[in-house]
Number of protein chains: 2
Amino acid sequence: MPTALDIDRIFRALADGTRRDIVLRAIDAGEGVAELADHYPMSFAATQKHVAVLERAGLVTKERIGRRKVVRTNVEGLRVARRLLDHYEELWRGRIDRMTELVTDTKETPA
Amino acid sequence: MPTALDIDRIFRALADGTRRDIVLRAIDAGEGVAELADHYPMSFAATQKHVAVLERAGLVTKERIGRRKVVRTNVEGLRVARRLLDHYEELWRGRIDRMTELVTDTKETPA
DNA sequence: CATTAGTACAACCATACGGTTGTAGGAGTG
DNA sequence: CACTCCTACAACCGTATGGTTGTACTAATG
């Protein structure tokens, strides 16, 4: 079960356009850090830091292939976030249901 | 359609435990800012700032009721984030499908 | 084995963020 | 009207974040 800090890191990591783009590109899992860096108007080191943030959040993994380290997005990380949002929406639906139930009760036992 | 900055704000807003808790409590939409603040070990102003962050992200709205401003979570905001994660997972599935297809093609047209 | 490609990491800087206190405005209540 | 409750916002402070450059390690290549 992910801790609150895990959730913090996941959402924090997703709160940056460059990092979201890296997640997208890394779905096809072919590029190393340097290749990823070529896509962005920043230094290699900056990109490397973004990858590190994603890695700490569990959203990507790195695999050594030759002299490169290929970045691969980890769906399970994404699912942790999605499940939480699903849960929020469930609770929301529950609220609607409770309100409906309340109206029904009122109708069935009118004052 | 939400801009990249909108997405930034939404995920950023969700990257804090206090704010996520406010979103949860505000689903039942009954508490004003001061009442919310009572739940957390911080000043009223700090809580008020958190609510402001959520409001800017479109995750909650405030409605004046008497002298209070009742905070209510906005599901649509949550859905923006959820849809994005759904999309990422779809792309992931797409990758799997393409890999499977590749294998199938190889089997059907062997060298 | 010297060189080059790719990666990692430390040090540094400006700005953003999460907290504080203090002050001021808007809406009920005596 | 005076007062109190709730909210809003500015100013401030320490720390985290996103960027930079520079140095060092690892692995393929001549």
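Chain naming here is simple, since letters A, B, ... match the order of the sequence lines and numbering starts at 1 in each.
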> Which one, D/dG18, C/dA8, D/dC9, comes nearest to the side chain of A/Arg12?
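The answer is D/dG18, which lies nearest to the side chain.
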
> Just the rounded figure in Å: distance from P of D/dT17 to CG of B/Asp8.
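Value for this atom pair: 15 Å.
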
> In whole angstrom, give the distance that lies between atom CZ of B/Arg56 and atom P of D/dA8.
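In whole Å, D/dA8 P lies 12 Å from B/Arg56 CZ.
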
> Output the rounded distance in Å from CD (A/Glu31) to P (C/dG6).
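It is 12 Å, rounded to the nearest whole Å.
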
> Can you measure A/Asp16 atom CG to D/dA16 atom P for me and round it to whole angstrom units?
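Interatomic distance, CG of A/Asp16 to P of D/dA16: 19 Å.
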
> Among D/dT7, D/dT20, C/dG19, which is the nearest nucleotide to the side chain of B/Ala34?
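Ranking D/dT7, D/dT20, C/dG19 by closest atom to the B/Ala34 side chain puts D/dT7 first.
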
> Give the rounded distance in Å between these two atoms: CZ of B/Phe44 and C1' of C/dG18.
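For the pair B/Phe44 CZ and C/dG18 C1', the rounded distance is 16 Å.
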
> Reckon B/Ala52 touches a base, only the sugar-phosphate, or nothing at all at heavy-atom distances under 4.0 Å?
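If one applies the 4.0 Å heavy-atom cut-off, B/Ala52 turns out to touch nothing in the nucleic acid.
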
> Compare the minimum distances between each of D/dT7, C/dT20, C/dT7 and the side chain of B/Arg68, then state the nucleotide with the smallest one.
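For B/Arg68, the side-chain atoms sit closest to D/dT7.
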
> Between C/dT20, C/dT4, D/dT4, which one does the side chain of B/Arg67 approach most closely?
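Within the option list, the nearest is D/dT4.
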
> Return the nearest nucleotide to the side chain of B/Ala45; candidates are D/dT7, D/dC9, D/dG18.
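Shortest atom-to-atom distance from the side chain points to D/dC9.
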
> 5'-most contact on DNA chain D: A/His50 or A/Arg64, nearest heavy atom basis?
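The residue mapped nearer the 5' terminus is A/His50.
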
